[in-house]
Structure formats: C-alpha cells, structure tokens
Amino acid sequence: MKHLGSMLLLAALWSLPGVAQTSYMKRADRFSSDSLKGTRNMLIDLRWVDRGQRYAWYDVEEGDERVYRLVDLKTGRQSPMFDNRRMVELLTPYADTARLPQPDRLGIYGFEFDARQPLRFAFDYNGHRLQYDIRRASLTEIAPKAPKEFHAGHWDRDYSADSLYWVTVHAHNLTLQSQSGDSIRLTGDGEPYHSFASGGAASGKGDGGASGCWLGKSHKYLAVREDKRKVGEMSLVDNIEGRPVARNYKFVAAGDKEVIHQELHLVDADSGRILRLDTERFPDQKIEIPRFQAFPQTSQGAWFIRRSRTCDSMELCRVNTADNRVVTILRETTKPHLNEQLFEYHVINDGREILWWSERSGRGQFYRYDAQGRLLNAVTDGRFVAGHVVRIDTLQRSMIVEGYGGEEGINPHYRLFYRVPLDGGKAVCLTPENGHHSIDIAPDGRYLLDRWSRMDLPEQRRIADLNGRTRAELPAEDISAVKALGWREPQLLELLAADSVTKLYGVVYLPFEIEPGRKYPIISNVYPGPQDDQVPLSFSLDDNDNMMLAQLGFIVVNFSHRGSCPTRGRDYYTYGYGNLRDYALDDDMAVIRQVAARYPFADLERVGIYGHSGGGFMTAAAMLQHPEFYKVGVAASGNHDNNIYAQWWGEVYHGVKQITDKDGTIRFECHVPTNAELADRLQGRLMLVHGDMDDNVHPASTLRLVDALIRANKRFDMMIIPGADHGLPIGYFNNLVRYYFVENLLGLPQKDIDIEKHE
C-alpha cells in the first residue's frame with residue numbers, strides 16, 4: 001500500500017487522452033547508444049611512423065574540423081601536420097570545380113610516411129597521389145602508388161619453408177606433393193568426422209587444406225586429426241521458410257560417454273612416410289592447440305599440451321623429430337580445476353626456454369624452465385595475477401604481460417600491463433592509472449599507446465615509453481555533448497559478498513531524475529560466469545541498455561560474484577565448483593540488499609532479475625530458489641539443464657568424476673542440478689525466451705523447464721524466436737525486457753500492439 005499513491009499517479013498519467021503509451025518508452029530511448037551520437041574524439045587511430053622509432057601521428061575532430069597531428073616520440077612535442085586552410089589552397093589545383101575541398105571536408109586518405117624522410121608523407125586525393133613536406137608546407141604530385149602484385153595462391157596447400165613440399169587433403173586423406181611432381185597419398189582411412197581437412201570436414205568431399213604445421217625449416221609436418229565419429233548429435237528444426245528442415249550437428253555434452261579424440265601424425269616428406277604418434281596419457285584426454293592456433297615448433301620438434309578430462313592435470317609434451325618420440329617436459333596439477341581462461345605457455349630461444357603459466361600458488365604466475373623441464377626461476381613474483389603475455393623480447397630479456405590486482409586502490413578486475421624481467425626481478429607497471437587498460441606497442445618496441453577508461457570515466461589516451469613514463473598526452477574522449485542532454489555516468493560500487501569479507505565490484509545505473517518520496521524497484525542484470533562475469537569495465541554510454549532501462553524508473557545493478565572471474569585467483573575463481581546452479585545467488589542478494597541500504601529511494605520489496613545464456617540460467621535459478629526475494633525475471637537462452645550443455649562448461653566448472661569399475665573400465669560421471677528440479681517453487685512472474693535455432697544452448701534446455709513448470713501447474717510467459725541463434729535479435733529482446741519489467745514491477749499495463757522500435 002505504501003507505493004499506491006505513486007502507482008495511481010503513473011497509471012492516471014498513462015490513461016490520459018492523447019498520451020501514447022509508447023511515449024513512456026521514448027523517454028528511455030533518448031538515452032540509448034544509438035540516440036547519443038554527440039560524442040567527440042570517440043576514436044583515435046594512432047599510427048606509428050617507421051615502426052615507431054621517432055614519430056607517430058593521429059587525426060581527431062576539433063570543432064567542425066578533423067585535424068592531423070604529428071607526435072615526436074623523443075620529446076613528446078605535438079604539432080599540426082598541416083593547416084587545414086593552407087591544405088585547401090594546395091589541393092584546389094587538383095580538385096574538381098564542382099567539388100572543392102573545404103577545411104572541414106578535405107577528402108584525403110591513404111596516408112603513408114617515407115621512412116627515409118619521416119617529415120614527408122604521401123596521400124591520395126581525387127585520383128592524384130600527392131606528397132606533403134611538413135617542414136616546407138609544400139605539396140607535390142608523385143607517381144601513383146604501384147598496386148600490389150597479386151599472386152593467386154593455393155589456399156588448400158600448406159608449403160614447407162623451402163616450398164619443396166606441400167600437403168593437402170583429398171577425400172579426407174592426407175596427400176604429400178613435391179615440386180618434382182611426385183604425389184603420395186599418405187593415408188587411406190579418412191572419412192567425415194575423422195578427416196585431416198581443417199575443421200574436420202563434417203560434410204562435402206573432404207578436400208582442402210590440412211590442419212597442422214611444418215616444423216621450422218625441416219621437411220617434417222605435424223598433422224592433427226579429430227575423431228568425432230561416435231559423438232552424439234543434436235537436432236534443430238529450421239521453421240522459417242518452406243518445409244521445416246532438421247539441422248543436425250555433433251555436440252559433446254557434460255558426462256557423455258563418447259567425446260572428441262585428437263590424433264597427431266608426423267609426416268617425413270623426404271621419406272614419404274607418416275607415423276601416428278603415441279600421445280595417449282589420460283583417459284578421454286584433450287590435446288590443446290595453443291592460443292594462437294599453431295604449435296610452438298622448431299626444426300628439432302614441436303610442443304603440445306594434453307589435459308585430463310577432469311581438467312585438473314595436464315602435461316607439456318615435445319615431439320622429437322630425431323626419433324619421433326613424444327617426451328613429457330612438464331606436469332601440472334591444480335585442484336579443483338585448471339584455469340583454462342588464463343593458462344598459456346611460450347617456447348622461446350629456439351626451444352631452449354619455456355615460459356609457463358601456473359596457478360599453483362593460488363595466484364596465476366609465470367615461471368621459466370629449460371628445455372628439459374627444470375625450473376630456472378619465477379618470472380612474476382605474485383604481486384599481481386598474471387594474464388596473457390603481449391610481447392616477449394629475448395634480447396632485452398623481458399616480457400610485457402597483463403596484470404590484475406597488483407595496485408592498491410584499483411579494482412582488481414581492471415587490466416593493467418607490466419614489464420617483467422625474464423630472469424626474475426621487479427616488475428614495472430606501465431599503465432598505473434585507475435582504469436581498464438589496453439595497449440598498442442610500436443613495432444620497434446620502444447613506445448606504446450595506452451588507452452584506459454572506466455564506466456564513469458571516458459577513454460583517456462597517452463603515449464608512454466617502456467618504463468611507463470608518459471611521452472605525450474592525447475585528446476581524451478569528450479562526452480560534454482551527451483551530458484548536456486541530461487545523461488549521467490553510472491556509479492561504481494565496491495560492496496561485500498555474502499561472507500561479509502570478499503570485495504565485489506560492479507555498476508549501478510540510476511534514473512537521472514529522482515522524484516522525492518518515490519520508491520524505485522531494483523533490477524539485477526546477471527551473468528554468473530565462471531569464465532567471465534560480463535560486468536562492463538571500459539566506458540560505455542549504455543552497456544547492455546541498462547542505463548536506458550534505469551530511465552524507465554528502475555535501479556539497475558550489474559555485479560561480479562564469487563566464482564565468476566578467472567583473474568582474481570584460484571579460490572575466488574573456483575568458488576562455484578560443485579554448485580554450478582546456485583553458487584552466485586547469495587552474493588547477488590547480498591549486493592542488492594547493500595544497494596537498497598545505500599540508496600533510500602530503493603524498493604527492496606520489488607526486485608527483478610534478468611540475464612542471457614548463463615545469466616538466463618541464473619535468473620531462473622534465482623526466481624525458483626528465492627521466490628520470496630525475486631519477484632520478476634526474464635531468462636533468455638538459458639542453459640537450464642547443463643547436462644545437455646557443452647562438456648567444457650559442466651565438467652570443468654561443476655566437476656566430473658573419473659570412475660574405474662571392477663573390470664578396469666574407466667568411465668566419467670557428471671550431473672549438474674537443473675532448474676527444472678525447482679519448478680514447483682515458482683511464485684513470481686517469469687518470462688522464458690529462446691531462439692529455436694540456438695546450437696550453443698539447445699532450446700530443449702528451456703523446453704524442459706517449461707515442461708516442469710506445466711507439470712507443476714505454474715503460470716509463466718514464454719517467447720520462442722524463430723530463426724534466432726544463441727545471440728537473439730538484441731533490439732527486440734531488450735525491448736521485451738523493458739516492457740516486462742514496466743508491466744510487472746511498475747504495474748503499468750501496456751496495451752499498444754506495436755513495440756516501440758529500438759534497433
């Protein structure tokens with residue numbers, strides 16, 4: 001009853017003659033990303049001159065003009081590359097009289113600096129190739145840029161370093177050919193789903209390029225073949241046009257008996273022979289190709305990872321080309337599971353050294369080993385959680401690596417970058433500012449472009465050296481125009497998890513105008529991870545339309561929960577192990593309660609929740625496990641039954657048991673609790689949304705929950721979107737979310753048949 005007055009007032013306004021219901025949504029649409037196009041300096045594309053040895057340049061909008069600036073990397077001095085009005089005068093002789101250049105519309109493109117004369121650059125204008133001398137402010141016409149020679153390549157051939165041999169695939173089998181004209185069919189057992197063709201050649205003739213690589217400058221080729229023949233199929237029905245057609249695809253679900261197996265084959269081109277390597281170590285193991293989709297390799301061998309199905313043990317192995325043996329170099333065991341998101345390794349110095357990422361200490365770090373697997377030293381020292389390596393300089397004996405949680409007072413989810421000595425020593429933070437960073441390192445390796453922002457701070461830019469010292473400040477993103485329209489930044493909060501100890505970080509979106517005495521419902525936008533929390537870190541005008549949703553009269557929260565982020569250490573990351581359905585719910589409720597305590601206009605009696613994919617799964621779980629707390633939910637593309645979802649998700653993050661029967665047979669068991677098991681607990685208003693062509697999370701996952709809700713005699717809403725895959729048509733879906741919460745949390749029925757258009 002305490003909100004009756006404000007609700008009656010809104011309902012009265014809603015029913016006034018001439019006041020269209022859709023105008024209510026238009027108030028929010030004013031602040032959509034598409035509507036807010038008044039930003040300046042949104043993008044700066046810095047380009048290095050002569051690999052970044054001395055100069056760089058960029059262009060940026062200033063007022064109505066786009067200006068071009070040259071940066072002296074040694075002095076940090078910035079200067080105009082030219083004056084726009086002077087350039088108009090110089091361009092006019094080359095212009096068409098009907099289309100003369102203007103200071104705000106020069107029409108020049110294709111910039112290219114002369115490495116030998118870095119203060120000269122060429123560009124294209126109106127069919128002319130022109131060269132501008134910065135010192136003299138003069139323009140001359142030069143010969144057109146010679147078109148690059150195009151040689152029709154053979155996409156289906158993988159050549160050795162000296163081009164004497166190449167491999168290709170015909171009818172799923174591997175063929176070796178040479179410049180002398182010889183052709184050898186190396187295999188004869190290829191077939192669909194057991195093919196040497198890149199991608200596995202599930203259909204068609206099985207012709208094309210091979211999956212593998214030549215080892216250095218040798219004549220040995222390492223070929224990869226996956227065996228999916230026994231993997232079960234899933235089916236979708238394409239209902240959009242003509243006769244409905246079944247679309248079948250191979251899919252390994254958690255706990256499946258039959259999984260994908262990988263084979264490695266070594267080809268010796270000189271002898272024309274192929275050998276299947278003995279790579280077996282773990283039952284149902286997985287052989288992993290490195291992050292950059294090519295085996296680390298030299299002429300002496302190649303390295304690969306094999307991982308146990310339980311995802312708690314793995315080995316680094318080397319294929320020795322001298323004797324064709326597979327040798328184990330390193331072993332790693334981490335309980336309860338390995339960090340697949342951050343793990344990587346690098347073989348450097350022609351195979352003499354190995355950089356190896358491990359979470360053995362609880363915080364991911366890099367270690368250096370020799371070629372025999374002997375530990376030489378810790379590379380990073382535990383000050384921060386080490387992420388992916390972005391550059392290795394073996395001459396300077398250093399590397400640049402992502403780092404998380406290493407600086408006091410900075411959100412540990414923010415990505416920073418560090419330069420670290422390979423032989424051990426103090427790391428230098430190259431990007432110490434409080435924000436989420438990305439960098440672009442000059443090819444010469446002396447300088448970098450650093451960009452950083454937060455959800456409450458537009459992007460800042462600078463050029464720095466490899467000690468982190470600023471060389472030049474670049475224009476920041478300017479949002480004054482959108483702020484003049486009434487837009488306001490969301491608020492960043494640091495709150496506590498349900499254990500009252502662990503810090504959680506997230507974003508709160510508020511209505512721009514708070515009416516005195518009015519209470520606002522709270523909506524939680526969720527994604528539990530574990531591989532990613534999807535809480536925005538970099539600046540966005542309206543991430544996931546949450547700011548626009550807030551302008552309808554809601555407080556919208558988006559927070560990371562324990563178990564959702566791989567960059568905060570092993571204990572945080574694995575918090576949900578064995579409890580994949582429910583682990584994030586207590587933290588979500590704890591956050592919402594703290595938000596309600598912080599903002600006196602928040603209404604803890606009206607709480608909504610929504611999410612997509614894993615967020616849809618969490619939404620339904622929250623509505624069913626805690627119906628006294630969550631009153632309205634929208635669950636989209638949810639993996640409500642993880643037992644028919646991807647093997648990597650359920651088995652890694654919930655856990656799979658390896659069981660040996662009395663007869664020695666090894667099998668694996670995995671069962672993740674489902675949302676359907678809780679269907680009889682529904683009390684609030686729940687909408688389920690799914691695309692009928694979703695081959696990531698099969699629609700059956702939602703339909704099984706629907707079946708359980710029907711059997712429990714529950715009312716709910718459902719939207720099946722024909723032809724939609726896992727991503728859904730975002731504009732339409734986001735409108736469904738807005739309308740559903742307006743109707744069911746604000747109590748404002750919407751009778752117009754047309755949904756307000758929102759792209």
Query raised in the report: Got a donor-acceptor contact below 3.5 angstrom from the Q551 side chain to the M547 backbone?
Result: yes
Query - salt bridge (charged side-chain N to carboxylate O under 4.0 Å, His left out) between D29 and R738, worked out - result: CA-CA 11 Å; D29 274 328; R738 296 195 297 168; 3.4 Å; yes
Requested in this report: Take T380 and R383, measure what side chain to side chain contact (heavy atoms under 4.5 Å, CB included) needs, and give me the verdict at the end.
Outcome: CA-CA 8 Å; T380 53; R383 169 181 162 193; over 6 Å; no
Query raised in the report: Does the ring pair (Phe, Tyr, Trp, His ring centres under 6.0 Å) test come out yes or no for W356 and Y367, once each step is laid out?
Result: CA-CA 5 Å; W356 180 262; Y367 301 86; 9.6 Å; no
Requested in this report: Verify the distance criterion only: is there a donor paired with an acceptor across the side chains of Y58 and Q78 at less than 3.5 Å?
Outcome: yes
Query - Atom of V88, atom of P103 and distance for their closest heavy-atom approach - result: CG2-N, 3.6 Å
Query raised in the report: Taking all atoms of both residues into account, what is the closest heavy-atom pair of A115 and P118, and its distance?
Result: O-CD, 3.9 Å
Requested in this report: Check the pair L466, I400 against side chain to side chain contact (heavy atoms under 4.5 Å, CB included), reporting the backbone distance first and the verdict last.
Outcome: CA-CA 9 Å; L466 267 292; I400 297 176; 3.1 Å; yes
Query raised in the report: When you measure from the side chain of H612 to the backbone N and O of H726, does any donor-acceptor pair fall under 3.5 Å?
Result: yes
Query raised in the report: Could you give the distance from CH2 (W487) to CE (M548), rounded to the nearest 0.5 Å?
Result: 14.0 Å
Requested in this report: Walk me through it: do D162 and K217 pass the test salt bridge (charged side-chain N to carboxylate O under 4.0 Å, His left out)?
Outcome: CA-CA 7 Å; D162 56 11; K217 297 180 180 180; over 6 Å; no
Query raised in the report: Got a salt bridge between R77 and D72, using NZ or NE/NH1/NH2 to carboxylate O under 4.0 Å?
Result: no
Query - Flag, side chain of D96 to backbone of A98, donor-acceptor distance under 3.5 Å - result: no
Report task. Carefully, step by step, assess D542 and L36 under the rule side chain to side chain contact (heavy atoms under 4.5 Å, CB included). Result -> CA-CA 9 Å; D542 191 11; L36 298 174; 5.8 Å; no
Requested in this report: Just say parallel, tilted or perpendicular for the rings of H346 and F366, cut-offs at 30° and 60°.
Outcome: tilted
Query raised in the report: Side chains of F559 and L493: does their closest heavy-atom pair fall under 4.5 Å?
Result: yes
Tabulate below the donor-acceptor pairs under 3.5 Å that side-chain atoms of residues 426-445 make, not counting sequence neighbours, or state none.
residue : atom : partner : partner atom : Å
T431    : OG1  : F417    : N            : 2.8
H436    : ND1  : R415    : N            : 2.9
H437    : ND1  : D450    : OD1          : 2.8
H437    : ND1  : D450    : OD2          : 3.4
H437    : NE2  : T431    : O            : 3.4
H437    : NE2  : E433    : O            : 2.8
D440    : OD2  : W48     : NE1          : 3.2
D444    : OD2  : R446    : NE           : 2.5

Query raised in the report: Taking C-beta and beyond as the side chain, do L130 and L91 meet within less than 4.5 Å on heavy atoms?
Result: yes
Query raised in the report: Just how far is it from atom OG of S138 to atom OH of Y132, taken to the nearest 0.5 Å?
Result: 7.5 Å
Requested in this report: Evaluate whether atom CD of Q396 has more than 12 neighbouring non-hydrogen atoms of other residues, nucleotides or ligands under 6.0 angstrom away.
Outcome: no
Report task. List the atom of L215, the atom of A302, and the distance in Å for their closest heavy-atom pair. Result -> CD2-CB, 3.6 Å
Report summary line: Closest non-hydrogen contact found for L457 with F539 is O-CB, 3.4 Å
Query raised in the report: For the side chain of T298 and the backbone of Q300, is there at least one donor-acceptor N/O pair under 3.5 Å apart?
Result: yes
Query raised in the report: With distance as the sole criterion, is a donor-acceptor pair present between the side chains of E141 and H128 under 3.5 Å?
Result: yes
**Report entry** Sidechain-backbone polar pair: R471 side chain, K74 backbone, donor-acceptor under 3.5 Å
**Finding:** yes
Query raised in the report: Does the E477 side chain pair with the main chain of E459, one donor and one acceptor, at a distance under 3.5 Å?
Result: yes
Query - Carboxylate-amine/guanidinium proximity below 4.0 Å for D114 and R116 - result: yes
Query raised in the report: Can you check whether G208's main-chain N or O pairs, donor with acceptor, with T168's side chain at less than 3.5 Å?
Result: yes
Query raised in the report: Does the side chain of Y447 come within less than 4.5 Å of R54's, by heavy atoms?
Result: no
Requested in this report: State, with a plain yes or no, whether a side-chain heavy atom of V389 is found less than 4.5 Å away from one of E344.
Outcome: yes
Query raised in the report: Does F512 have its ring centroid less than 6.0 Å away from the ring centroid of F31?
Result: yes
Requested in this report: Look only at the side chain of S160 and the backbone of Y165, and say whether a donor-acceptor pair between them is shorter than 3.5 Å.
Outcome: yes
**Report entry** Pair Y414 + W452: ring centers closer than 6.0 Å
**Finding:** no
Query raised in the report: Is the closest side-chain heavy-atom distance between P536 and N558 below 4.5 Å?
Result: yes
**Report entry** Y221 and W214 aromatic centres sub-6.0 Å
**Finding:** yes
Requested in this report: Measure the spacing between CD1 of I348 and CG of D393 and express it to the nearest 0.5 Å.
Outcome: 10.0 Å
Query raised in the report: Is the backbone N or O of R86 less than 3.5 Å from a side-chain atom of D83, with the two atoms forming a donor-acceptor pair by type?
Result: yes
Query - Basic-acidic side-chain contact under 4.0 Å: R454, E489 - result: no
Query - Minimum side-chain heavy-atom gap F113-M81 below 4.5 Å - result: yes
Query - Partners passing salt bridge (charged side-chain N to carboxylate O under 4.0 Å, His left out) against D725 (at least two apart in sequence or in another chain) - result: none
Report task. Look only at the side chain of D59 and the backbone of V67, and say whether a donor-acceptor pair between them is shorter than 3.5 Å. Result -> no
**Report entry** Stepwise ring pair (Phe, Tyr, Trp, His ring centres under 6.0 Å) check, Y94 with Y125
**Finding:** CA-CA 8 Å; Y94 305 98; Y125 174 72; 7.5 Å; no
**Report entry** Over all atoms of both residues, closest heavy-atom pair of A122 and I142
**Finding:** CB-CD1, 3.9 Å
Query raised in the report: Are the side chains of S178 and L164 in touch, meaning some heavy atoms are under 4.5 Å apart?
Result: no
**Report entry** Distance in Å, F121 CZ paired with D133 CG, rounded so as to fall on 0.5 Å steps
**Finding:** 9.5 Å
Report summary line: Tested for ring pair (Phe, Tyr, Trp, His ring centres under 6.0 Å) against F82, the lone hit among Y68, F111, F123, W57 is Y68
Query raised in the report: Hey, do the aromatic rings of F384 and Y418 have their centres closer than 6.0 Å?
Result: yes
Query raised in the report: Between R66 and E61, does a salt bridge (charged side-chain N to carboxylate O under 4.0 Å, His left out) hold up when you go through it step by step?
Result: CA-CA 4 Å; R66 178 157 293 276; E61 287 187 27; 3.3 Å; yes
Query raised in the report: What's the verdict on side chain to side chain contact (heavy atoms under 4.5 Å, CB included) for Q491 and V507, showing C-alpha distance, side-chain angles and the deciding distance?
Result: CA-CA 6 Å; Q491 297 189 12; V507 186; over 6 Å; no
Report task. Return yes if a side-chain donor-acceptor contact under 3.5 Å exists between N467 and R419, otherwise no. Result -> yes
Query raised in the report: Looking only at heavy atoms, what is the nearest atom pair of G110 and D124, with distance?
Result: CA-OD2, 4.2 Å
Report task. Using a strict cut-off of less than 4.0 Å between a Lys/Arg side-chain nitrogen and an Asp/Glu carboxylate oxygen, indicate whether E112 and R47 qualify as a salt bridge. Result -> no
